[in-house]
Structure formats: structure tokens, C-alpha cells
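Letters go in sequence order (proteins before strands), and every chain restarts at 1.
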There are 2 protein chains.
Amino acid sequence: MSGTNRRRITSKELAKLAGVSSATISRAFSPDSRIGSATRDRILAVAREYGYQPNAIARSLNNQRSRLVALVVNAIGNPCEAEEQQLLVHRLQARQLLPIILCCADHSDRLQLMRLASTYQVDHVVIFSDMVSMQDAVDIFHTTKPIIVSFEPLENEDVSNIRIDGAAGAGEIIDKIVADGKRRFAYLSGTKSSWIDKLRRKWFADALARHGLAFEAEAFGDYSYDSGFKEAVLLLHRSKVDAVICGNDVMAIGARDAARRVLGKNTPNDIAIVGQDGIAMAGWDCNDLTTLSLDHAAFMDAVVEVIERHEAGDEGPHSITLACTPRWGSTA
Amino acid sequence: MSGTNRRRITSKELAKLAGVSSATISRAFSPDSRIGSATRDRILAVAREYGYQPNAIARSLNNQRSRLVALVVNAIGNPCEAEEQQLLVHRLQARQLLPIILCCADHSDRLQLMRLASTYQVDHVVIFSDMVSMQDAVDIFHTTKPIIVSFEPLENEDVSNIRIDGAAGAGEIIDKIVADGKRRFAYLSGTKSSWIDKLRRKWFADALARHGLAFEAEAFGDYSYDSGFKEAVLLLHRSKVDAVICGNDVMAIGARDAARRVLGKNTPNDIAIVGQDGIAMAGWDCNDLTTLSLDHAAFMDAVVEVIERHEAGDEGPHSITLACTPRWGSTA
DNA sequence: TATCGTTGTGCAAACGATTACACAAACGAT
DNA sequence: ATCGTTTGTGTAATCGTTTGCACAACGATA
């Protein structure tokens, strides 16, 4: 209520005002500590009056616990990541944990950024980016066991992680497309050097192999609509494929647009197009994408579960695997 | 390099290892402080060897500057906000400022969350949500002058802010639609109680008034695709409008889909549909939306400029206004 | 009434940095 | 050789909490 008071009042000052010691102030704000309930009520009243709140920085220094969580991500603007991050941020906040977002395109900047965040003594680190090697993560956050949310093969078995298995779902999708008469498949990758992308491709390649088929063409984009569009144009000009599996939903939408607009081919009759992620947009009427979809809420529940186990002192490593399921749309 | 060492080494310990005092350690890490360059080099070498980095929490406590920035947003998942946040996060990180995201749907939770963040002594607060009253922001962050990025009329003149003016752009868009022969307009609001939404509506209403026209119908959604779709269906069933101005791009896409799918009306001949924001998706071939667009990069540049002035000690208040310009698509 | 928990509070030492002040050494100028 | 200045380093206080320890007051028990 102090309006535009510049400086924040400290526990020592509040102690003087309430006629107690600063230790007692502290106890008034700690749920289970020996303090008379009358004293606590009085202190809380005075605190409210003067707008006092314990300084979390000082508290963190003393406690050795900051209640900060670093989230290392590739991009916020990408819908899939944005949807997941939104879910995770809500779950963290409900637990009084504050998320610090580390978002960086460039590799060396990213490491710098991770080092910076590690100096803030974050309690947890969640790494969504497979652009970060596990070893770097462990080195930089050596006091905080990170949680890796990605698909890199674990060369370091001491790190908690959450993985996704889309083999079965990819199989279902390929079965249907083959049943629909398509035989000539292309894979439109999200990135050239990503483990996630290689793994996702393998799910589909294995499914194709069971039909005695293989990818006839490949292209690489960057998970963006524009790259999906552009690479699809090139791809469809140079090879006569009738089915394109894309690295994510946004690229699939780009590829669908390219096929329709530039090549005059419509889904699913002329060409089948498949996305991956299962973002909300995939279900919009204008897209209605067939996609290998992940339950993002369950995914983030898993992340939080690992965090809670770490908080409880059980540092694992914990490993959770979630399955992807097809979302059937009109593009394949 | 210490691998999986549990505890982090402190400056005092490093001091012992390097044969200096902890004050000297501190000086080695402060760019312009009196220290022999030989000593500094030696300390930095030893520090690297033992993986020492100054503890930012302790540093913040002493400095009274945390280099944390609170970002209060409505949603991360919404593409417009996600795109802006991405740009802002990059700009902050380039200045060694770490963003803490506060994202909350519920109002009382949001205030709680802001109070929590304020205990972390954030250096700056950027409020993107017009669901937060300016007075609440000022009360909660009374030691940190917040920056309001929204459109609420400023009853408190002491707050820096960035505003958007779309009056001219809305005029251009309305002029064109009227020139195309449309006369019956509807406004599909983003939210019922939002200042931003009222202001945006006014830009278009004023432009219509100059043609002697007014909105014939109104509906309220929640900025989501689904609400755009659903409200458009209801709206177009109960009134024969031939142009719909939407609160944002995502709703416009929903309305366009509804018109096409449910009513069988196509843009722009049967009906004109206009969005607002100018998100990347508006430019995708499948959407190609006519929209009142904002230069998000310039917008975030403005935010950062105000932050830099605050950092330089000039707390203003500063006020920057940016104009919106039309993006011409095939929907209107 | 003497004794023994229990309860509530204060004192003071952490937590890990930064920085004003003091001081010694080194240096240049006279 | 002496003085003044600059340079580099250490000492100790500080930032705002939390918490182990000590202790007084209190009611319950024997």
C-alpha cells in the first residue's frame, strides 16, 4: 500500500516496527516454524501495511534453493514448442517455480547463455533443444541435474530424460497411405543435424521397409513454413513422389500449400502429406492435417513429474517414454 | 571441467587456491576494477580449471541489481504473442538480461504470480497483458517502474508505455472494402473486457463512420481459432453481413474457415474478412489474410529502448507510439 | 513445590559475493 | 634521496534472509 515508495522495506526494519527481532519476521513467513500464532498474525498485518515481502534473492542465497527453472529452447515462435512451453510454464507456476527462458539460435551464444543461467543457481534445468549436447548440459549445470527432453541417444546414463516413441504410430500412418495406393515416398526433414529428426525419419523408414519400400527422395528445411513450401516445390519438381512425410506440422502445411499452389496437386488424391507434432493448428478446418501427434499435456506432465522427483531428493536418473498416436485428417 | 562435482566452488575457496583474497577474485571478474593483469589472468585460469563462476544470486543481493526481467503475458501459445516474445527474449539475452515469464489465465493467480516475481527483485517488468490494471502493476512492483505495453488509457501518468495506433491503417482497409462494394460490417471481438480490443474496434468504427456506416453486428470470442470459427457461424447465421473485422489474425482464419465451410461463402467476393496483428501465418499461402499489421521487430525494439533508458537511470516515463499498416491479402 | 517438557523469542553466524578504506610497493619527478 | 602519485591487494562491512543454539516463561506432572 505504500504507493510509490522507492526502497523496499527489509525484515530488520519491519522487526523494529513490529517490536520483534528479524528472526521472528522470518518465522512468520515460514509455514512451519515455532512461532506464536498471535505474533504471526500481528506481523503479517504489519507486513501487509508496509508492503513487506521477504526478499527472494536473499532467501535463495541462504537456502541454497532459488526456485528458478531454466528452460532451454530452440524457439518460442514455433507453434509446437510454444504450445508445450505454455503448458509447462503453467505447471511450474502452480508449484511456485519461476521459469527462465533461454532461447537462442546460435550455438556458441547458447552455451554462453546456459553458463549465465547456471550462475543464477537454478534449481532445475529442462533442455528442449537437441542442439545442445548432453555433455555440455551436464558440464555447465554440474550442480543441477538437467532433464533432457529430446531424443539423443544417451551416452551419459546419469541424466533424467523424457523420450518419445512414434514407431507404432508411424506404422499405422504408413499402412493407411500404402493401402490408399501410394508407393513413392519422400521425407522432408526439419534439420540436417538433429537427432530428433533422424529418429523421426527412422520410424517412418522402418514402417516403409515392412512394405518393401524406402524413401525415394529427401530434402532438408528448418521447421518453418517457408522452408516446407520451398523444399516441397524443389522436391516435387525433381521427383514424382506421391507421399511426403514432413518433420513437423508447420512444414507439412507449407508442403501442402506448395503442392496445391505450384504443382496443382491436391491432398489426399494426388499426393499424401503427413506432419508431426499434432499442434492445435493441425486440426483447423483449413489444414485438417494427418499427423503423428503427441499428447503435449501428458508430455509436460512427465517433465513436471521428473522435476518433482528431483525436488523430493530422488535424482534418478528418471526416464519416461511416451507414445505418439496418429491424428487422421484429410491430407493423407 | 570438474565433471559431476556436486557443490559449486566459492570465491573464498578459489581465493585460497589462487593464493589471493576473495576480494581479488571478485575484481578479476569485474571488467574495470583495479587489478594487475597478471593476477587477473592467473585467477581466470584457475577459475576455469575449477569451474568457478561468480554466484549471481549473491552478486544480486549485494548489487541490488538482479538482471532479471519479468514478462507478464496472457499466453505463450498464441502466435502473435509468441512471435513478439521471441523477438524480445533475443534482445534481452543479447544484453545479458534474463527473462522470467509470468503467464497466467486466471486473474487472481496472475496477481499472486506478479507478487512472487517482485520478490525476486527483477530489474524491469514488461506487461503485455491488458488484463492487468496499471495500478496493480505499480503497486506490486513499486520499486521497479514497469513498462506497460498495452492500450489502457493512462490514468497513471508515471508509467512508461508503448502504444499502437492503427487508426490510419484501419482507414485504408475500410476504404478499400467499401470501394469493393461491401456495406454491411460486423466486428468479431477478441475479448469482452479488454481495452485493447475496444481501441482496435474504435479504429475501424471511426473509419466506417467516415463512410456513413457502422457495425451492424458484434460477437465476442477469446482470440482463439475455435472461438473465431464458432462465433462467425452464429454471427453469419443471424445477420447478413458481407464483411467481418476480427480481433486478431487467428480468429480471422477461424472466421474465414467458418464462412467457407459452414456458409459456403468465399473471400473476398461473398464476404471480406480482416485480421489484426500481422503474424507470420497471415502470409502463408493457405491464409493470405488482409490484416492490420504491426511491425513486431520495431515494437520490441521500442520495448528494449525504454528498458535501456531505465537502465541508464532515466526512468521517464517514456512513451512510444507505433503505427500499424495494412497487409493486403486475398481475404478482403 | 521442585521438575520437566513445551513453546516462543532473540542472538549471532552463516549464505557468497562486492566495495570503501587502508596500506605497501613501485614509480616518476624533483 | 625524498616526496607524491599511481597501482595492486587485503581487511572488513554490507546486502536481507534463515536457522542452530540458548534461554525465559509457562503449564503439567509428581
Only pairs under 3.5 Å count here: list side-chain donor-acceptor contacts from residues 53-63 of chain A, not counting sequence neighbours, and write none if there are none.
from, atom 1, to, atom 2, distance (Å)
A:Asn55, OD1, A:Ile57, N, 2.8
A:Asn55, OD1, A:Ala58, N, 3.1
A:Ser60, OG, A:Ala56, O, 2.6

Which atom pairs, donor and acceptor, lie under 3.5 Å between side-chain atoms of residues 34-41 of chain A and protein residues at least two apart or in another chain?
from, atom 1, to, atom 2, distance (Å)
A:Arg40, NE, A:Ala28, O, 3.2
A:Arg40, NH2, A:Arg27, O, 3.1
A:Arg40, NH2, A:Ser30, O, 2.8

Exercise answer: donor-acceptor pairs, residues 9-18 of chain B side-chain atoms, under 3.5 Å, sequence neighbours excluded:
from, atom 1, to, atom 2, distance (Å)
B:Thr10, OG1, B:Lys12, N, 3.4
B:Thr10, OG1, B:Glu13, N, 3.3
B:Thr10, OG1, B:Glu13, OE1, 3.4
B:Glu13, OE1, B:Arg7, NH2, 3.2
B:Glu13, OE1, B:Thr10, N, 2.8
B:Glu13, OE2, B:Arg7, NH2, 2.6

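Within 4.0 Å (heavy atoms only), B:Thr39 reaches sugar-phosphate atoms of the nucleic acid but no base atom.
Listed by chain and residue number, A:Phe29 satisfy the ring pair (Phe, Tyr, Trp, His ring centres under 6.0 Å) test with A:Tyr52 (two or more places apart in sequence, or in another chain).
Between A:Asp123 and A:Arg65 a salt bridge is recorded (basic side-chain N to carboxylate O distance below 4.0 Å). At a threshold of 4.0 Å, the pair B:Lys145-B:Asp158 counts as salt-bridged, since one of the basic side-chain nitrogens sits closer than that to a carboxylate oxygen. Under 4.0 Å is where a charged nitrogen must lie from a carboxylate oxygen, and between B:Arg91 and B:Glu308 no such pair does.
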Let me have a per-nucleotide readout for nucleotides 13-22 of chain C, 5' to 3', with B, S or -, counting only protein heavy atoms under 4.0 Å. -BBBBBB--B

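The CD1 atom of A:Ile35 sits 14 Å away from the P atom of D:dT19 (whole-angstrom rounding). Rounded to a whole Å, the CG atom of B:Asp32 is 16 Å from the C1' atom of D:dT7.
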Give the intermediate values and the outcome of side chain to side chain contact (heavy atoms under 4.5 Å, CB included) for residues B:His318 and B:His310. CA-CA 9 Å; B:His318 307 283; B:His310 282 195; 3.7 Å; yes

Which dot-bracket string fits DNA chain C when only Watson-Crick or G-U wobble pairs with both atom distances under 3.5 Å count, crossing pairs get [ ], and | stands for a partner on a different strand? ||||||||||||||||||||||||||||||

